[in-house]
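For the numbers below, each heavy atom of this structure counts, side chains included, while hydrogens, waters and symmetry mates do not. As the structure is a computational prediction, the values presented were derived from the model and not from experiment. First the proteins, then the strands, lettered A, B, ... as listed; each starts at 1.
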Protein chains: 2
Amino acid sequence: MRMPPRKKVGIKDVSREAQVAISTVSHVLNGTAPISAEVRTRVLDAARRLGYLAERQTKATITALHTVLLAVPDDALPENEINLFSWTVLNALTRECERRGVRLVPLAGGGPLTAKRIVEAAMEASADGILLINDDRRELLHGISNAGLLTVLINGEDQEMKVDSVAPGNRFAAQMATDWLISRGHREILHLTWEGRTTITRRQDGFIDAFRANNIPRSGAHVLQAAGYEPKMGEDAIAAWLKDNDGPGDVTAIFCAADNLALGAMRALTAAGLDIPGDISVMGFDGVALGELVSPALTTVDVPLNQMGPEALHLLERRVLANDSERAAQRLELGCKLVIRQSVAAPRT
Amino acid sequence: MRMPPRKKVGIKDVSREAQVAISTVSHVLNGTAPISAEVRTRVLDAARRLGYLAERQTKATITALHTVLLAVPDDALPENEINLFSWTVLNALTRECERRGVRLVPLAGGGPLTAKRIVEAAMEASADGILLINDDRRELLHGISNAGLLTVLINGEDQEMKVDSVAPGNRFAAQMATDWLISRGHREILHLTWEGRTTITRRQDGFIDAFRANNIPRSGAHVLQAAGYEPKMGEDAIAAWLKDNDGPGDVTAIFCAADNLALGAMRALTAAGLDIPGDISVMGFDGVALGELVSPALTTVDVPLNQMGPEALHLLERRVLANDSERAAQRLELGCKLVIRQSVAAPRT
DNA sequence: TGAACTTATGAAAATATTTTCTTATTGATT
DNA sequence: AATCAATAAGAAAATATTTTCATAAGTTCA
């Protein structure tokens, strides 16, 4: 694995690009002399453009991390196409590690994760820290931190606020999605979800928040639990719901807690002869499914999956560098974006 | 304001400390040669001990920030001792800026903050970014980001997930505090709060969460609104409550959403002839009040106020450096700690 | 058992960066 | 108009850091 021989950029290259002397660049970078705003901007822009700032930044932190243990529970393994979520996250993480020259030692398979297994694997690899994805059980976290190992959770949260974590801003994102439905005129909305971990219930919280924030009667917020997050389960849940209620009733929109569920729901709705979005609107969450390719294209919430891994790495670096157990644990929530396509319309009047 | 002439540490000093050659240190730091785990550790430890790693880290980021506008709404001004919260945060922030040589231009007083005022002030100071404390109104955020200025919120949150922010982990912390009360045996708990911003309602969420997580009847969760967060208002609210209900009734513990309220509550309870914690337990939140000096000493939740400013600065730096509007907004929650003192005991049986 | 490798470390050469000091320009003050 | 002070930028000297290459010590294998 050899990088293209992109020769390192230095302060010299920046000075040429910005048309100033080498020393001037140094002065700008260190604030060791008065510099006019104009030149300062020119230099900084050049430095950024050439990737000098980024390189410098990388070099400063890279030091701390040599080997990182990546613990992946079986159900996050991207064995089936279903778990595109984890796959995307892990993929971006792997690439970032390669880029930075961090050795990533995976621990996966071989039955359920236990603190013992993780600690042993970390010792064996003499890892500087641990990244743990999709698993935030208390016993696990206790076991690991008792061994004095530094850990960052990806797509999880430590309720005891001892361990750093990165997760999507589920609650706000779900509220934003529901807000959008409400703004289109929907008042009776079904939230299709499943009994997942706390990070999934946050989406339900946000769904409810939106009703409160918009002063809409909470009686319009309906919740339906599917058996899991696979498309088939969403399909079954919606089919059963349609049957029980003899059609969608007052409900004019379905907000699904995952794109996969939304795909299943759309199948069930179409099978029941309902038009999307004419008769009923559907909204997803995650932005991983090929929502663009189904018909109608799925309106959804885009989660910045590609940024979760790198951010986790960054938290781990800072933790290793600081090496200060007094420092408060950090929980990082990444903002999500609405992706508006065709599966949502105003309700029939 | 002159730093003690602590001469800069370099790779040379590290090599001496770690008893290796200069080049070896360089190799460790850059991964440019195979290094034994033993030497690697020795070098890294030495580098950390001497503050070399920290210095390097600082240097890498300092570049991006020269001038920062600090916008402080009137009600966060530390004019009265009441707002020890803001005072502590601002104090730590100021010191961090001094340490790093960042120029901090305050914008405060002169009536309510408006987007226009902030944008103009930022332009005038040619600020690289804005720190906004205790104010996250939508119009304000829209106005600022429309002007293309980078902003980080301190003790606030952007529901639209466009702007980075730092805040305490209010929800989990409140749950932790309530958990503690429940673990001592309390089942009927009063949450004393006020109509604050969303960050305050998060504490109420956590209070409720604890009942759910512990499978305790939610009928035991009582909420009482004070007129504000000053001690006097807590005192009045509790006095009125005691009067209305002819004593505390079944309630055996009061969890206050702020230390100031707790101090007031304690005064009202004592005035009513109740013993703390014999008759009723009291728990605070914030860890700023002189809870250690009151009698009995106040059990509370310690919020890492000193870290909020520096973390906000760090977010701003990264944002300026990346200069990538595609990058998702980040919301950083800092973990809090339980401080156990004397004001909480098991309820009378 | 000794040639061929591999792993570790350091000395010295090659680079990169910072600091000091000089010079130019502008505007204010006598 | 001459002088001074403040602001900007750069040349050159002083340092700091990285890289290349040499060497030692162990390992493997025919």
Side-chain angles (χ1 to χ4, degrees), chain A residues 2-64 66-67 100-101 103 125-126, chain B residues 2-3 5-48 50-64 66-67 100-101 103 124-126 321:
Chain A
R2 174 161 296 286
M3 284 278 146
R6 179 171 53 87
K7 65 175 189 298
K8 260 186 344 182
V9 299
I11 205 179
K12 192 159 53 178
D13 305 279
V14 175
S15 74
R16 186 164 357 93
E17 175 87 6
Q19 314 252 44
V20 295
I22 291 185
S23 50
T24 303
V25 176
S26 177
H27 285 311
V28 169
L29 259 33
N30 298 294
T32 41
I35 298 286
S36 68
E38 200 264 312
V39 169
R40 202 171 102 77
T41 314
R42 211 165 71 222
V43 169
L44 247 32
D45 279 354
R48 187 156 31 226
R49 229 185 356 263
L50 296 181
Y52 178 75
L53 288 188
E55 185 177 281
R56 208 161 135 138
Q57 170 115 300
T58 305
K59 258 205 336 208
T61 42
I62 212 170
T63 332
H66 195 252
T67 303
R100 297 210 203 168
R103 192 163 69 100
S126 59
Chain B
R2 175 161 295 286
M3 285 275 147
R6 179 172 54 85
K7 65 175 188 304
K8 260 186 345 185
V9 299
I11 205 179
K12 193 158 54 179
D13 305 278
V14 175
S15 75
R16 189 167 350 97
E17 176 85 5
Q19 314 253 40
V20 295
I22 291 185
S23 49
T24 303
V25 175
S26 176
H27 286 312
V28 169
L29 258 34
N30 298 295
T32 42
I35 297 286
S36 68
E38 200 264 313
V39 168
R40 204 173 101 80
T41 314
R42 210 164 73 221
V43 169
L44 248 34
D45 280 355
R48 187 154 33 223
L50 296 181
Y52 178 75
L53 288 188
E55 186 177 282
R56 206 161 137 140
Q57 169 115 301
T58 305
K59 257 206 334 207
T61 42
I62 214 171
T63 337
H66 195 252
T67 304
R100 297 211 203 165
R103 193 163 70 101
E124 224 226 312
S126 60
L321 258 170

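Looking at every heavy atom in both residues, A:A46 comes nearest to A:E17 through CB-CG, 3.5 Å. Listed here is the closest heavy atom pair of A:A125 and A:R103: O-NH2, 3.5 Å. Across every non-hydrogen atom of B:A18 and B:R42, the tightest pair is O-NE, 3.0 Å.
Within 4.0 Å (heavy atoms only), B:A33 reaches at least one base atom of the nucleic acid. Note on B:S36: only backbone sugar-phosphate atoms sit closer than 4.0 angstrom, heavy atoms only; bases stay farther off.
The closest side-chain heavy-atom distance from B:L44 to B:L29 is below 4.5 Å.
Between the side chains of B:R48 and B:Y52, not a single donor N or O lies within less than 3.5 Å of an accepting N or O.
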Test log, rule side-chain contact (heavy atoms from CB on, under 4.5 Å), inputs A:T24 and A:I35: CA-CA 8 Å; A:T24 303; A:I35 298 286; 4.2 Å; yes
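For DNA chain D, the contact window with chain A, defined by any atom under 4.0 Å from a protein heavy atom, covers D:dA8 to D:dT19 in 5' to 3' order.
Of the residues listed (A:V28, A:N30, A:I22), the one engaging A:S26 in a side chain to side chain contact (heavy atoms under 4.5 Å, CB included) is A:N30, and it is the only one.
In terms of modelled atom types and a separation under 3.5 Å, the side chain of B:D13 and the main chain of B:G10 share a donor-acceptor contact.
Of all the residues in residues 16-25 of chain B, B:I22, B:S23 reach under 4.0 Å from DNA chain D with at least one non-hydrogen atom.
In this structure, A:N30 atom CG and C:dT19 atom C1' are separated by 10 Å, rounded to whole Å.
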